[in-house]
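Everything numeric here is computed off the predicted structure, so don't read it as measured data. Numbers here are sequence positions counted from 1.
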Amino acid sequence: QVHVVETGGGLVQAGGSLRLSCAASGHAFTDYAMAWFRQATGKEREFVAAINWSGHSTFYADSVKGRFTISRDNARNTVSLQMNSLKPEDTTVYFCAARDTLMVPTTGSQYDYWGQGTQVTVSS
């Protein structure tokens, strides 16, 4: 089992940048694929980005490709989401998720462990 906690959300102007971090504790971090999802109130949860255990395989939603970068530091048990060129439509709560797998799932139902979420607000 792993426990994940997100930090780094906040308010930024359109075109700006934010970096979200997710700290994991518990079972061996390198056993886990990690991902970021986002969900606005009343809307479906949306996949953002995912990374495999080694960090060598990454996947992105089309809506963030070229703007967001997911990375992980296995020595520090952290995964990050660098968000550049932010748009007002990126405003929502972002969640970190973990799954004990060598694959890289991109759907929320495939992840077992979730953080509490961090709010990102992009003003126009």
> Specify the closest pair of heavy atoms between Q82 and S17, including all atoms of both residues, with the distance to one decimal.
NE2-CB, 3.9 Å
> How would you list all residue pairs meeting salt bridge (charged side-chain N to carboxylate O under 4.0 Å, His left out) that involve residues 46-55, not counting sequence neighbours?
R38-E46
> Are more than 12 heavy atoms, taken from residues, nucleotides or ligands other than E44, located less than 6.0 Å from that residue's CD atom?
no
> Does anything in residues 113-122 pair up under salt bridge (charged side-chain N to carboxylate O under 4.0 Å, His left out), and if so which pairs, sequence neighbours excluded?
none
> If I compare all heavy atoms of A24 with all of V2, which pair ends up nearest, and what's the gap?
CB-CG2, 3.7 Å
> Side chains of Y113 and Y32: closer than 4.5 Å at any heavy-atom pair?
yes
> Are V120 and F95 linked, directly or through intermediate hydrophobic residues, by side-chain heavy-atom contacts shorter than 4.5 Å (ILVMFWY only)?
no
> Just to verify, what does W114 make a ring-ring contact (aromatic ring centres under 6.0 Å, His included) with, not counting sequence neighbours?
F37
> Hey, are the side chains of L20 and M83 touching, using non-hydrogen atoms and a 4.5 Å cut-off?
yes
> Take atom CG of L11 as the centre, draw a 6.0 Å sphere, and report whether it contains more than 12 heavy atoms from other residues, nucleotides or ligands.
yes
> Quick check: closest heavy atoms across N74 and S54, and the distance to 0.1 Å?
ND2-CA, 4.3 Å
> Does R99 have any side-chain contact (heavy atoms from CB on, under 4.5 Å) partners at least two apart in sequence or in another chain, and if so, which?
T101, P105, Q110, Y111, D112
> Do you know which two heavy atoms are closest between L102 and W53, and how far apart they sit?
CD2-CD1, 3.8 Å
> Applying salt bridge (charged side-chain N to carboxylate O under 4.0 Å, His left out) to K87 and D90, what does each step give before you reach the verdict?
CA-CA 5 Å; K87 305 175 181 179; D90 294 318; over 6 Å; no
> Checking E6 side chain against G117 main chain: does a donor-acceptor pair fall under 3.5 Å?
yes
> So, using side-chain hydrogen bond (donor to acceptor under 3.5 Å, both in side chains) as the criterion, who are the partners of R76 when residues are at least two apart?
none
> So which atom in L18 and which in L86 form the shortest heavy-atom distance, rounded to 0.1 Å?
N-CD1, 3.7 Å
> Any chance you could measure T30, atom OG1, to N77, atom CG, to the nearest 0.5 Å?
8.5 Å
> Mind checking ring-ring contact (aromatic ring centres under 6.0 Å, His included) for F59 and listing every partner two or more places apart, or none if nothing turns up?
none
> How far does CD of E89 sit from OG of S124, to the nearest 0.5 angstrom?
10.0 Å
> In this structure, would V12 and F68 fall into the same cluster of hydrophobic residues linked by side-chain contacts under 4.5 Å?
yes
> Any donor and acceptor pair, going by atom type alone, linking the side chain of T78 with main-chain N or O of A23 inside 3.5 Å?
no
> Any side-chain to backbone donor/acceptor pair from T58 onto I51? Under 3.5 Å, distance only.
no
> Which heavy atom of A49 sits nearest to which heavy atom of Y60, and what is that distance?
CB-CD2, 3.6 Å
> Given the rule that I, L, V, M, F, W and Y join up when any side-chain heavy atoms are under 4.5 Å apart, are F47 and V64 in one cluster?
no
> A side-chain contact here means heavy atoms from C-beta on lying under 4.5 Å apart; do S80 and R19 qualify?
yes
> Can R72 be said to sit on top of F29's aromatic six-ring, NZ or CZ under 6.0 Å from centre and within 45° of the ring axis?
yes
